[in-house]
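In the text below, chain A, chain B and the rest are named by the order of the sequence lines, each starting its count at 1. Bear in mind the structure is a predicted one, so any value in this text is a computation, not a measurement.
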2 protein chains.
Amino acid sequence: MGIFSKTCEYALRAVFFVAHKTAGGGRVGIKEIAEGIGSPEHFLAKVLQDLSRRGIVQSVKGPNGGFYTDESVLQRPISDVVEAVDGNGIFTGCALGLKQCSEINPCPLHHEFKTIRNELHRMLNATSIGEFNTDLISGITALKK
Amino acid sequence: MGIFSKTCEYALRAVFFVAHKTAGGGRVGIKEIAEGIGSPEHFLAKVLQDLSRRGIVQSVKGPNGGFYTDESVLQRPISDVVEAVDGNGIFTGCALGLKQCSEINPCPLHHEFKTIRNELHRMLNATSIGEFNTDLISGITALKK
DNA sequence: ATAATAAAAGAGTTTCTTATCTTTATTTAA
DNA sequence: TTAAATAAAGATAAGAAACTCTTTTATTAT
């Protein structure tokens with residue numbers, strides 16, 4: 001696995017896709033999203049339902065329904081997506097999995113890791129969901145496969 | 001989960017433990033290691049067998065046998081342990097899980113992530129297995145629970 | 001040689017993650 | 001008010017990761 005779980009990878013790609021598709025208004029259906037990012041449709045549906053319960057995407061049922069992101073969502077940091085799916089273990093947890101690892105009782109990797117974890121957290125906090133739309137529109141970045 | 005898999009956490013803790021216990025010579029048995037780092041004995045045995053096949057720890061069967069680390073092992077970077085167990089996906093993989101993500105065809109997070117991944121890799125490469133022995137001996141760092 | 005010891009190997013179980021399929025609830029448009 | 005569209009929810013299954021138990025093999029001391 002990479003840094004994030006596969007579920008989290010899907011979530012991030014889906015959120016970018018929805019943001020990109022609906023920044024100018026409208027909704028996008030689960031089928032189109034799954035197709036657009038290359039993920040299993042039903043599985044992604046679960047993930048998006050979860051994100052919508054947490055307010056990270058919006059959704060409307062029925063005809064012309066689908067998922068969308070409003071302005072407030074576009075401004076949220078992508079760390080919100082990661083935390084919603086993978087939890088905050090990646091930002092706060094000990095690299096060796098030790099419960100009581102801390103500044104006072106550090107594991108061998110504690111200090112080296114603190115820097116990296118903080119840097120990761122800072123980066124994901126400083127990067128907003130909406131930030132990629134212009135790049136996606138101009139086709140510089142890709143979300144599929 | 002944290003940055004590494006649970007198996008990898010066990011592996012790192014076990015390697016530090018073995019290095020610490022046998023830096024001055026001698027061997028340490030699987031039972032003592034499992035007890036010392038708080039891991040399931042039989043599961044850890046598998047992990048250490050794997051590491052010993054790859055030369056990251058040494059082992060001797062029979063009475064007075066056990067695992068140990070010689071000088072050459074103490075000088076290896078801890079990235080060797082991580083790569084042996086979790087592979088190098090964490091160092092090289094795309095954060096969004098995209099196969100064809102690259103400099104030319106980057107995903108939305110590509111550039112932001114490159115920095116972090118490189119920093120992580122650099123750190124794990126620059127840190128040797130033997131490096132923690134003095135701290136472990138003086139009791140500053142802990143490996144259990 | 002033999003017995004004791006300890007790692008190595010194999011087989012099996014449980015749990016978690018990822019994925020699929022089916023049904024239900026809600027909304028809109030005609 | 002009915003039919004169609006679509007998200008939400010539930011139930012289940014496949015696969016991988018984590019863990020356990022048992023048997024085998026190698027080594028050493030007696």
Side-chain angles (χ1 to χ4, degrees), chain A residues 1-15 17-18 21-22 26-35 37-69 84-87 89-90 96-97, chain B residues 1-15 17-18 21-22 26-69 84-87 89-90 97:
Chain A
M1 248 328 18
I3 288 261
F4 305 131
S5 73
K6 209 166 181 183
T7 305
C8 189
E9 292 175 355
Y10 288 149
L12 284 165
R13 274 153 55 199
V15 167
F17 186 88
V18 173
K21 281 279 176 183
T22 67
R27 290 85 181 250
V28 55
I30 184 69
K31 193 166 281 181
E32 186 179 346
I33 305 170
E35 159 67 20
I37 69 169
S39 82
E41 179 185 332
H42 295 289
F43 185 69
L44 184 64
K46 296 286 185 186
V47 177
L48 283 176
Q49 279 159 33
D50 214 73
L51 291 179
S52 101
R53 247 176 266 118
R54 292 163 187 268
I56 293 173
V57 294
Q58 277 92 18
S59 73
V60 175
K61 289 183 180 183
N64 302 324
F67 296 89
Y68 66 100
T69 51
V85 179
D86 279 355
I90 197 172
L96 301 185
Chain B
M1 251 321 26
I3 288 260
F4 306 132
S5 72
K6 210 166 179 182
T7 304
C8 189
E9 292 175 354
Y10 288 149
L12 284 165
R13 274 156 52 201
V15 168
F17 187 87
V18 173
K21 281 280 178 183
T22 67
R27 291 86 180 249
V28 55
I30 183 65
K31 193 166 278 180
E32 185 179 346
I33 305 170
E35 158 67 22
I37 69 169
S39 82
E41 178 185 332
H42 293 290
F43 185 69
L44 184 65
K46 298 284 187 186
V47 177
L48 283 177
Q49 279 160 33
D50 215 74
L51 292 179
S52 101
R53 246 177 267 117
R54 293 162 186 267
I56 294 172
V57 294
Q58 278 92 18
S59 72
V60 176
K61 289 185 181 181
N64 300 325
F67 296 89
Y68 66 100
T69 51
V85 179
D86 279 354
I90 197 172

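Between the CD atom of A/Glu41 and the C1' atom of C/dT22 there is a distance of 13 Å, given to the nearest Å. In this structure, CD of A/Glu9 is placed 13 Å from C1' of C/dT17, rounded to the nearest angstrom. Whole-Å rounding puts the A/Ile30 CD1 to C/dT20 C1' distance at 14 Å. Per the geometry, CD belonging to A/Gln49 stands 14 Å off P belonging to C/dT26, to the nearest Å. Nucleotide C/dA8 holds its C1' atom 14 Å from the CG atom of B/Leu44, rounded to whole Å. Separating the NE2 atom of A/His42 from the P atom of C/dT23 is a distance of 12 Å, rounded to the nearest angstrom. Atom CG in A/Asp86 sits roughly 9 Å away from atom P in C/dT17 (whole-Å rounding). The nearest whole Å value for the distance from the CD atom in B/Gln58 to the P atom in D/dT27 is 15 Å.
Contact check, B/Ser52 against C/dA7: no side-chain N or O comes under 4.0 Å of OP1 or OP2.
Two residues, A/Ser5 and B/Val28, neighbour DNA chain C, and the one matched to the more 5' nucleotide by heavy-atom proximity is B/Val28. With the nearest nucleotide of DNA chain C identified for both A/Tyr10 and A/Asn64, A/Tyr10 has the one nearer the 5' end.
A/Arg53 comes within 4.0 angstrom of the backbone, heavy atoms only, and of no base. Across all strands, A/Lys31 comes closer than 4.0 Å to no nucleic acid atom at all (heavy-atom distances).
Closest to the side chain of B/Ser59, from the set C/dA19, D/dA18, C/dA7, is C/dA7. With distances taken from any side-chain atom of A/Lys6 to the nucleotides C/dT27, C/dA19, D/dA9, the minimum falls on C/dA19. Of the candidates C/dA9, D/dG10, D/dA8, the closest approach to any side-chain atom of A/Lys46 belongs to D/dG10. For B/Phe43, whose side chain is taken as the heavy atoms from C-beta onward, the closest listed nucleotide among C/dA19, D/dA9, D/dT20 is D/dT20. Picking from C/dA19, D/dC19, D/dA7 the nucleotide with the shortest atom distance to the side chain of A/Lys61 gives D/dA7.
Between A/Ile90 and A/Phe4 there is a side-chain heavy-atom pair separated by less than 4.5 Å. Between B/Phe17 and B/Val28, some side-chain heavy-atom pair lies under the 4.5 Å cut-off.
The main-chain N or O of B/Asn64 is found under 3.5 Å from a side-chain atom of B/Arg27 such that the two form a donor-acceptor pair.
A salt bridge links B/Asp50 with B/Arg54; the closest basic N to acidic carboxylate O contact falls under 4.0 Å.
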